[in-house]
Amino acid sequence: MSSNRLHTDFFLRDVLEVAPALLGKYLARDYGDGIIRRYVITETEAYRGTEDLACHASKGKTARNEVMFRQGGLVYVYFIYGIHWMLNFVTGQEGDASAVLIRGLDDFSGPGRVGKILGLDQTFYGENLAVSRRIWVEESGLTLPYTSLPRVGIHYAGEPWVSLPWRYIVKRTQD
DNA sequence: CGCAAGATTGGC
DNA sequence: CCAATCTTGCGT
């Protein structure tokens, strides 16, 4: 039998390709009980290298963001506002310093809520999505229509970064 | 070593 | 509109 897990090659492309490509994929999580929960990825944001002033990598490599400078397919988590763990997937080749922020799963929206649902913490820093037994991404076969909008909470970056439509959101199902 | 700000959220 | 809560990055 074969696994639907997405491997490193999926993440080695430009972040502007990977971010929308993740929409509709399954975020798989094993909380340690051997039961695999799957959540549909419904919202992402792209952070693109040292040039992008909204990207953490724009200030150069630091202890906090060093994983962003590695090859794609790794997890980048960071703690913010004293409350929230943000989940990101590193993309591109080593040195590209790009990543996708996971902002929504199923009906839950907001990166802080994603981190809470998944029970993230510092131990996930650098986790390899190709081999991890507790968090990975799977092909779902779903192709969901989406829209792109400017990114949230990065006003400090100024133009053009604050206006680029690098936030991708699955259109809500009609009923 | 001090301190301001943060890829947010929930409540008033 | 604002507090919560704490890590990080930068200035002194």
Side-chain angles (χ1 to χ4, degrees), chain A residues 10-25 27 29 39-129 132 135-137 146-172:
Chain A
F10 177 88
F11 299 94
L12 296 184
R13 296 172 289 161
D14 190 295
V15 69
L16 297 182
E17 277 187 57
V18 179
L22 281 169
L23 298 176
K25 297 290 190 291
L27 187 300
R29 176 83 167 95
Y39 308 91
V40 176
I41 297 174
T42 52
E43 183 176 343
T44 61
E45 269 181 2
Y47 287 88
R48 195 166 184 270
T50 55
E51 303 286 301
D52 176 4
L53 295 185
C55 180
H56 287 172
S58 67
K59 293 180 178 177
K61 189 187 292 186
T62 67
R64 177 218 213 181
N65 68 20
E66 66 87 12
V67 73
M68 288 187 81
F69 288 78
R70 296 196 236 163
Q71 176 176 274
L74 305 178
V75 170
Y76 168 40
V77 290
Y78 64 90
F79 192 55
I80 195 167
Y81 296 117
I83 305 177
H84 309 292
W85 283 98
M86 303 280 120
L87 174 64
N88 301 258
F89 299 149
V90 178
T91 65
Q93 302 295 321
E94 181 175 346
D96 282 3
S98 299
V100 177
L101 170 66
I102 305 302
R103 293 189 56 92
L105 297 175
D106 292 343
D107 295 324
F108 303 99
S109 64
R113 301 187 69 189
V114 167
K116 182 177 181 181
I117 291 164
L118 297 176
L120 302 181
D121 58 44
Q122 185 62 35
T123 68
F124 283 81
Y125 190 92
E127 190 94 352
N128 188 336
L129 294 167
S132 175
I135 188 170
W136 65 92
V137 182
Y146 67 90
T147 53
S148 55
L149 295 168
R151 294 172 291 179
V152 177
I154 57 157
H155 55 88
Y156 58 84
E159 296 292 353
W161 317 108
V162 72
S163 297
L164 295 173
W166 289 358
R167 177 188 188 192
Y168 307 91
I169 310 177
V170 169
K171 288 181 182 174
R172 193 190 162 189

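Below, chain A is the first sequence line, B the second, and so on; all start at residue 1.
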Any side-chain donor near an acceptor of the partner, [X] and [Y], under 3.5 Å:
| X | Y | answer |
| --- | --- | --- |
| A:S163 | A:E159 | yes |
| A:D96 | A:S98 | no |
| A:E45 | A:Y47 | yes |

**Prompt:** Does B:dA5 have A:Y156 stacked on its base, where the ring centres are within less than 5.5 Å and the planes differ by under 30°?
**Reply:**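 According to the criterion (under 5.5 Å, under 30°), no, A:Y156 does not stack.
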Can you name the nearest heavy-atom pair linking A:P20 to A:V15, along with the distance?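 For A:P20 versus A:V15, the nearest heavy atoms are CD-O, 4.3 Å.
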**Message:** Tell me whether the rings of A:Y168 and A:Y146 are parallel (<30°), tilted (30 to 60°) or perpendicular (>60°).
**Reply:**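 Perpendicular.
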Please examine the side chains of A:L129 and A:V75, heavy atoms only from C-beta on, and report whether any two atoms are closer than 4.5 Å.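 Of all side-chain heavy-atom pairs linking A:L129 with A:V75, at least one is under 4.5 Å.
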Is there a side-chain contact between A:K59 and A:N65 in this structure, where contact means two heavy atoms from C-beta onward sitting under 4.5 Å apart?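 They are not in contact (no side-chain heavy atoms under 4.5 Å apart), so the answer is no.
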Taking atom [atom2] of [N] as reference, at what distance in whole Å does atom [atom1] of [X] sit?
| X | N | atom1 | atom2 | result |
| --- | --- | --- | --- | --- |
| A:R113 | B:dA7 | CZ | C1' | 17 Å |
| A:M86 | C:dT7 | CE | P | 15 Å |
| A:I80 | B:dA4 | CD1 | C1' | 13 Å |
| A:K59 | B:dG6 | NZ | P | 8 Å |
| A:H84 | B:dT8 | NE2 | P | 9 Å |
| A:L120 | B:dT9 | CG | P | 13 Å |
| A:F108 | B:dG10 | CZ | P | 11 Å |
| A:D121 | C:dT7 | CG | P | 13 Å |

From the options [options], select the nucleotide whose nearest atom is closest to the side chain of [X].
| X | options | result |
| --- | --- | --- |
| A:Y76 | C:dC10, C:dC6, B:dA7 | B:dA7 |
| A:M68 | C:dG9, B:dT9, B:dA7 | B:dA7 |
| A:F79 | B:dA7, C:dC6, C:dG9 | C:dC6 |
| A:L101 | B:dA7, C:dT7, B:dT9 | B:dA7 |
| A:I83 | B:dA7, C:dA4, C:dC6 | C:dA4 |

Check your understanding: Between A:R167 and B:dA7, does any side-chain N or O lie under 4.0 Å from OP1 or OP2?
Key ->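 False: A:R167 side-chain N/O out of range (4.0 Å or more) of B:dA7 OP1/OP2.
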Note to self: Would you say A:Y78 places a side-chain N or O within less than 4.0 Å of OP1 or OP2 belonging to B:dG6?
What the structure shows: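 A:Y78 to B:dG6 OP1/OP2: no side-chain N or O under 4.0 Å.
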Q: Mind checking which stems touch DNA chain B? I mean at least 3 consecutive Watson-Crick or G-U pairs, both distances under 3.5 Å.
A: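 The stems that DNA chain B takes part in, listed by first number, are B:1-6 with C:6-11, B:8-11 with C:1-4.
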Assign [X] to base, sugar-phosphate, or nothing according to its heavy-atom contacts below 4.0 angstrom with the strands shown.
| X | answer |
| --- | --- |
| A:G82 | base |
| A:R64 | sugar-phosphate |
| A:I154 | sugar-phosphate |

How do A:G112 and A:H155 order along DNA chain B: which one's closest nucleotide is nearer the 5' end?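 Its nucleotide being nearer the 5' end, the pick is A:H155.
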If each of A:K116 and A:H56 is mapped to the nucleotide of DNA chain B with the nearest heavy atom, which maps nearer the 5' terminus, i.e. the 5' end?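 Counting from the 5' end, the first nearest nucleotide belongs to A:H56.
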Exercise. With salt bridge (Lys or Arg N to Asp or Glu O under 4.0 Å) as the test, would you mind laying out the steps for A:R113 and A:D107 before giving the verdict?
Key: CA-CA 11 Å; A:R113 301 187 69 189; A:D107 295 324; over 6 Å; no
